[in-house]
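Reviewing the structure listed below.
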Protein chains: 2
Amino acid sequence: MLKEERLNYIVNEVKIRNRVQLLDIAQKLSVSEDTVRRDLNYLDEQGKVKKVHGGAISNSFHVYTYREDQIYAHEDKSVIAEKARQLLVDNMVVIMSGGTTNLEVARLLPDHLKLTIFTPSLPVAMQLLEHPSIETIFVGGKLSKDAQIAVGGDAIRTLSQVKADLCFMGMGNLNAETGLAEFDWDVVQLKKAMLESAKKIVVLTISEKINSSQRFNICPIESIHTLITELDPSHSKVLPFKAKGLEVL
Amino acid sequence: MLKEERLNYIVNEVKIRNRVQLLDIAQKLSVSEDTVRRDLNYLDEQGKVKKVHGGAISNSFHVYTYREDQIYAHEDKSVIAEKARQLLVDNMVVIMSGGTTNLEVARLLPDHLKLTIFTPSLPVAMQLLEHPSIETIFVGGKLSKDAQIAVGGDAIRTLSQVKADLCFMGMGNLNAETGLAEFDWDVVQLKKAMLESAKKIVVLTISEKINSSQRFNICPIESIHTLITELDPSHSKVLPFKAKGLEVL
DNA sequence: ATATTTTATGTAAAATCGTGCGATAAGCCT
DNA sequence: AGGCTTATCGCACGATTTTACATAAAATAT
């Protein structure tokens, strides 16, 4: 019995039964408990299963649940979400892109707010469904595994039929001189479509992502109207954007 | 019974019933009251439930509808998922509806399988994204809060452009005489569209949902080709469907 | 106020865990 | 082939976790 075989067996067993007990596996595979313990430790490190006292359980359900602690710079993003919230009034039509910042916005929307929100992001859509008075419309299409958003022709075509009041665009990357950029070509196309489908473009970003530079250009900085970061609007880091005529919150 | 399983069970029970009695859990799980008490204390500290005198109550509005009842009632669904898997070969185009059974199918798809899957279900889409070699296309549209799927004109229009080899339809309701039915009018329309977009319709259901009867009719039983339940194909409960010409797995 | 139920705390037994060690096997270089 | 390194595995032992039971305190009901 090779180690790889054992590992595969364990992962599979956990997948199917959702749980395994250490002793059962040890007997089933005719190895010592220690060995299984080591295997489980390894698989836990790899994120394949979740080790618990006495065995292991599946961890594949945790995907959708919201984990504040695993969101990078969560505090900052809460600040951003709070600022973003102030731009919203009842009955607006809003487009939201993906990203953890937008997820935080979605999470912190007050219950009484009535909105219609278009989004191509699975996590954002999931979060919005928990809101009592928001109508969510998912912009469908081919799903990008990395970004967990719909991209491609279908999504772009759908967006082209929308005319929204506001677009919250989470950005991994913006630069006062070169504008907005993205690493993924599909996402670039999608965000271009968003730009054209909303009257007002609001970019959300944590300050550390300002002035980095990435591969594909989306648009010049003048194409957006409002910039929201966790910083005070008077902070020097956002001055170049003010100089370009952007509203900074 | 692993400790972690107990905790999951308790959390689940609280979410579903909004309250649990300490003694009930102790009996149900065959452990001492002290143990349950400790569990409740722990879960309270973790913020998962709110402990009160004599038991615990829910402390949040978040409802993770799919995730829960699966972990414990999911044996049957694993069986169904395994049967469903056998119908799939590489390069198929598949439509999957929502529901926990389909979620289980999505979860248990073997890594090597290459498929293109259309789905209007957020949870199913989320799950499929974890698969290395499946291309997922989300059928977008207005999202139903209850069912967590896209419904309405957009979704139906998108489906009408698809021609799939197979459709896995999770059913809350089917009856050998009256056919398939649903409670929600929007979902009825959506499932009708699915029926027309796939060459072969496979209905997945746990046996307890057979022969219940619900509001709106989707189609007669003859419109579907294959029925998969957790039961043996020779079980008396599925005989009426065989008599109607269905393949039963 | 008294009786009953529920809780908190301490204790001990059992199960499980982590770790170091040595034996064996497998891979690798010369 | 021979010698060396590395990985794997089982065993032993002390540490930790988990659990049931007992008892007294607290909360609730009558």
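Just the heavy atoms: all of them, side chains too, but no hydrogens, waters or symmetry mates, feed the values below. What you see is a predicted model, and the numbers here were worked out from it, not measured in a lab. The sequence lines fix the lettering, A, B, ..., with proteins before strands; numbering per chain opens at 1.
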Q.
Does the protein touch nucleotides 4-10 of chain C at the base, only the backbone, or not at all? Give it as B, S and - per nucleotide, heavy atoms under 4.0 Å.
A. --SBSB-
**Q.** Evaluation steps, salt bridge (Lys or Arg N to Asp or Glu O under 4.0 Å), between B/E247 and B/K200
**A.** CA-CA 11 Å; B/E247 175 188 26; B/K200 184 173 178 181; 3.7 Å; yes
Separation of atom [atom1] in [X] from atom [atom2] in [N], rounded to whole Å:
X: A/E4; N: D/dC9; atom1: CD; atom2: P; answer: 11 Å
X: A/L7; N: D/dT8; atom1: CG; atom2: C1'; answer: 12 Å
X: A/K3; N: D/dG10; atom1: NZ; atom2: P; answer: 12 Å
X: A/D24; N: C/dA15; atom1: CG; atom2: P; answer: 15 Å
X: A/Q27; N: C/dT16; atom1: CD; atom2: P; answer: 11 Å

Q) Which residues pass the salt bridge (charged side-chain N to carboxylate O under 4.0 Å, His left out) test with A/E13, sequence neighbours left out? A) A/R17
Q. Between B/F216 and B/F183, is the ring centre distance below 6.0 Å?
A. no
Q: Please check the phosphate of D/dG10 (OP1 and OP2 only) for any side-chain N or O of A/S32 closer than 4.0 Å.
A: yes
Q. Going by atom types only, do B/S234 and B/D232 share a side-chain donor-acceptor pair under 3.5 Å?
A. yes
Q: Quick one: pull up CD1 in B/I228 and CE in B/M169 and give me the separation to the nearest 0.5 Å.
A: 13.0 Å
(Q) Can you tell me how far apart CG (A/L103) and CG (A/L122) are? Round to the nearest 0.5 Å. (A) 11.5 Å
